[in-house]
Amino acid sequence: MASLRTLTRSFSGWVFFCCCCCFALLLSSPLPSKKAGVVPNAHQACRLREINFQQPYIRNRTYTLAKMASASDQDTDNRLIGQQIYINIRENNRCYMMKRVAEVIVKDVLLTVAKDQYPYAEEVAQFMASLTSELSRCRFSGNREHIEKNLEEMKRKMKQLGENGKNKAIGELDLLFDYIENACTDASKKGGNKKKN
């Protein structure tokens, strides 16, 4: 009988100890976000899954389309998508910048006459549109002035070149693909694709 009492006291002591530990853990754990599905910070909203860029099919389609268009591009002095797009842009705003560039290229180039002129243009447009949709919560931080200025400069240059400007934009889709991958995934930190100039 005495051993039963001792066993009962030991068991209730352990139960009390476990309850106290669980309560302490519960108090120290962070509270969940009040709004379900809301991204906790802007950095996470400006991230794409690397798997988007690991699909050989869409990478080949994009690069092939760019190669076809650049073969007829006689203007080697101008570049629409290059390091100049990042002038005065902080690193944490580069993904937002590339999202905006992709939106312009899809709307003003790929979904216009290009879809009738080039094979794969519609597929690549759909892929780029899916990326910008996934980045819909991606916002800039700080001053927006430089982002808008660089974007307007790209659009001005494209308009100035006329139809060849659209052709040049299609010819630089491989650059756009790489820039988005580097700015919006962790590929560059892991030694992924290097940015082209």
Side-chain angles (χ1 to χ4, degrees), residues 38-54 58-59 62-63 65-67 69-70 73-112 114 124-125 127-197:
V38 173
V39 178
N41 65 45
H43 175 72
Q44 288 176 337
C46 290
R47 297 307 316 138
L48 289 170
R49 295 166 296 151
E50 286 181 46
I51 196 156
N52 289 321
F53 301 92
Q54 294 168 350
I58 196 62
R59 184 181 290 268
T62 306
Y63 280 55
L65 178 56
K67 195 173 186 177
S70 63
D73 182 12
Q74 303 301 314
D75 179 8
T76 56
D77 295 334
N78 291 296
R79 169 134 311 153
L80 300 174
I81 302 165
Q83 285 298 321
Q84 81 282 356
I85 207 88
Y86 287 150
I87 292 174
N88 296 319
I89 305 294
R90 294 187 320 204
E91 193 169 336
N92 63 333
N93 282 329
R94 288 184 174 187
C95 183
Y96 176 79
M97 183 72 198
M98 295 320 300
K99 174 187 96 156
R100 295 289 308 280
V101 169
E103 288 170 343
V104 169
I105 300 297
V106 168
K107 180 178 163 263
D108 296 347
V109 179
L110 291 174
L111 293 180
T112 60
V124 174
F127 171 72
M128 291 289 174
S130 74
L131 295 182
T132 59
S133 175
E134 203 172 319
L135 291 169
S136 62
R137 291 188 180 132
C138 180
R139 301 282 180 257
F140 66 93
S141 64
N143 194 338
R144 187 178 180 161
E145 180 185 339
H146 295 300
I147 293 169
E148 294 305 323
K149 182 181 174 191
N150 294 0
L151 198 60
E152 285 306 314
E153 177 61 22
M154 184 197 81
K155 291 197 285 192
R156 185 196 63 75
K157 203 183 281 187
M158 191 164 61
K159 188 175 181 180
Q160 185 180 18
L161 294 169
E163 281 306 306
N164 194 46
K166 289 184 177 183
N167 187 59
K168 179 171 281 300
I170 296 168
E172 294 182 3
L173 282 170
D174 56 338
L175 295 174
L176 180 59
F177 188 98
D178 291 346
Y179 269 70
I180 295 172
E181 181 178 15
N182 282 306
C184 302
T185 71
D186 296 323
S188 58
K189 293 176 188 168
K190 296 177 184 175
N193 292 339
K194 299 236 188 308
K195 288 178 195 158
K196 299 177 187 179
N197 289 324

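Positions are given from 1 along the sequence. Just so it is clear, the model here is predicted, and its values are computed rather than measured.
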*asked:* In terms of relative ring orientation, are Tyr179 and Tyr86 parallel, tilted or perpendicular, with 30° and 60° separating the classes?
replied: tilted
*Are the side chain of Arg59 and the backbone of Gln54 linked by a donor-acceptor contact shorter than 3.5 Å?*
no
*Dump the intermediate steps for side-chain contact (heavy atoms from CB on, under 4.5 Å) on Val106 and Thr132, then the final yes or no.*
CA-CA 10 Å; Val106 168; Thr132 59; 5.8 Å; no
*Could you tell me whether a side-chain N or O of Arg144 sits under 3.5 Å from a main-chain N or O of Ser141, the two making a donor and an acceptor?*
no
*Specify the closest pair of heavy atoms between Glu181 and Thr185, including all atoms of both residues, with the distance to one decimal.*
O-OG1, 2.5 Å
*Answer whether the closest heavy-atom distance between the side chains of His146 and Arg90 falls below 4.5 Å.*
no
*Would you please test Lys168 and Asn78 for side-chain contact (heavy atoms from CB on, under 4.5 Å) and show each step?*
CA-CA 9 Å; Lys168 179 171 281 300; Asn78 291 296; 4.1 Å; yes
*asked:* Give me the atom names and distance for the closest heavy-atom approach of Leu161 to Asp75.
replied: CD2-OD2, 3.4 Å
*Given Val124 and Phe177, is the side-chain contact (heavy atoms from CB on, under 4.5 Å) satisfied, shown in steps?*
CA-CA 10 Å; Val124 174; Phe177 188 98; over 6 Å; no
*Keeping the roles fixed (side chain from Asn150, backbone from Ile87), state whether a donor-acceptor pair exists under 3.5 Å.*
yes
*Using 4.0 Å as the upper bound for N to carboxylate O, is an ion pair formed by Glu91 and Arg94?*
no
_Between Arg47 and Asp186 (salt bridge meaning N to carboxylate O under 4.0 Å), is one present in this structure?_
yes
*asked:* For a salt bridge (charged side-chain N to carboxylate O under 4.0 Å, His left out) check, start with the C-alpha distance between Glu152 and Lys155, then their side-chain angles and the critical distance, and finish with the verdict.
replied: CA-CA 5 Å; Glu152 285 306 314; Lys155 291 197 285 192; 3.2 Å; yes
*Determine the minimum heavy-atom distance between Leu135 and Lys99, stating which atoms define it.*
O-CD, 3.3 Å
*Closest heavy-atom pair and its distance - Cys138, Ala45*: CB-O, 3.6 Å
*Residue pair Cys95 / Ala183: nearest heavy atoms and the distance that separates them*: CB-O, 3.5 Å
_Please report the interatomic distance OG(Ser136) to CG(Leu131), rounded to the nearest 0.5 Å._
12.0 Å
*In sequence, state the C-alpha distance, the side-chain angles, and the governing distance for Glu153 and Arg156, and then conclude on salt bridge (charged side-chain N to carboxylate O under 4.0 Å, His left out).*
CA-CA 5 Å; Glu153 177 61 22; Arg156 185 196 63 75; 2.6 Å; yes
*Does any N or O in the side chain of Glu172 come within less than 3.5 Å of the main-chain N or O of Ile81, such that one atom is a donor and the other an acceptor?*
yes
_Contact check, side chains of Tyr96 and Ile89, non-hydrogen atoms, under 4.5 Å_ = no
*Any sub-3.5 Å donor-acceptor pair from Ser133's side-chain atoms to Ala129's backbone N or O?*
no
*So, for Leu176 and Ala102, which heavy atoms are closest and what is the spacing to 0.1 Å?*
CD2-CA, 4.2 Å
_Backbone of Val109 reached by a side-chain donor or acceptor of Thr112 within 3.5 Å_ = yes
*Step by step, would you call Asn164 with Asn167 a side-chain contact (heavy atoms from CB on, under 4.5 Å)?*
CA-CA 5 Å; Asn164 194 46; Asn167 187 59; 3.8 Å; yes
*With the side chain counted from C-beta on, respond yes when Leu173 and Leu110 share a heavy-atom pair under 4.5 Å apart, and no when they do not.*
yes
*asked:* So Met154 and Gln84, do their side chains get closer than 4.5 Å, heavy atoms only?
replied: no
_Does any part of the side chain of Met98, heavy atoms only, come nearer than 4.5 Å to the side chain of Ile85, both counted from C-beta?_
yes
*Under 3.5 Å, is there a donor-acceptor pair between the side chain of Asp178 and the main chain of Leu175?*
no
*Mark yes or no for whether Asn93, through its side chain, and Phe140, through its backbone, hold a donor-acceptor pair below 3.5 Å.*
no
*Measure the shortest side-chain to side-chain distance between Asn52 and Glu134 over non-hydrogen atoms and say whether it is less than 4.5 angstrom.*
yes
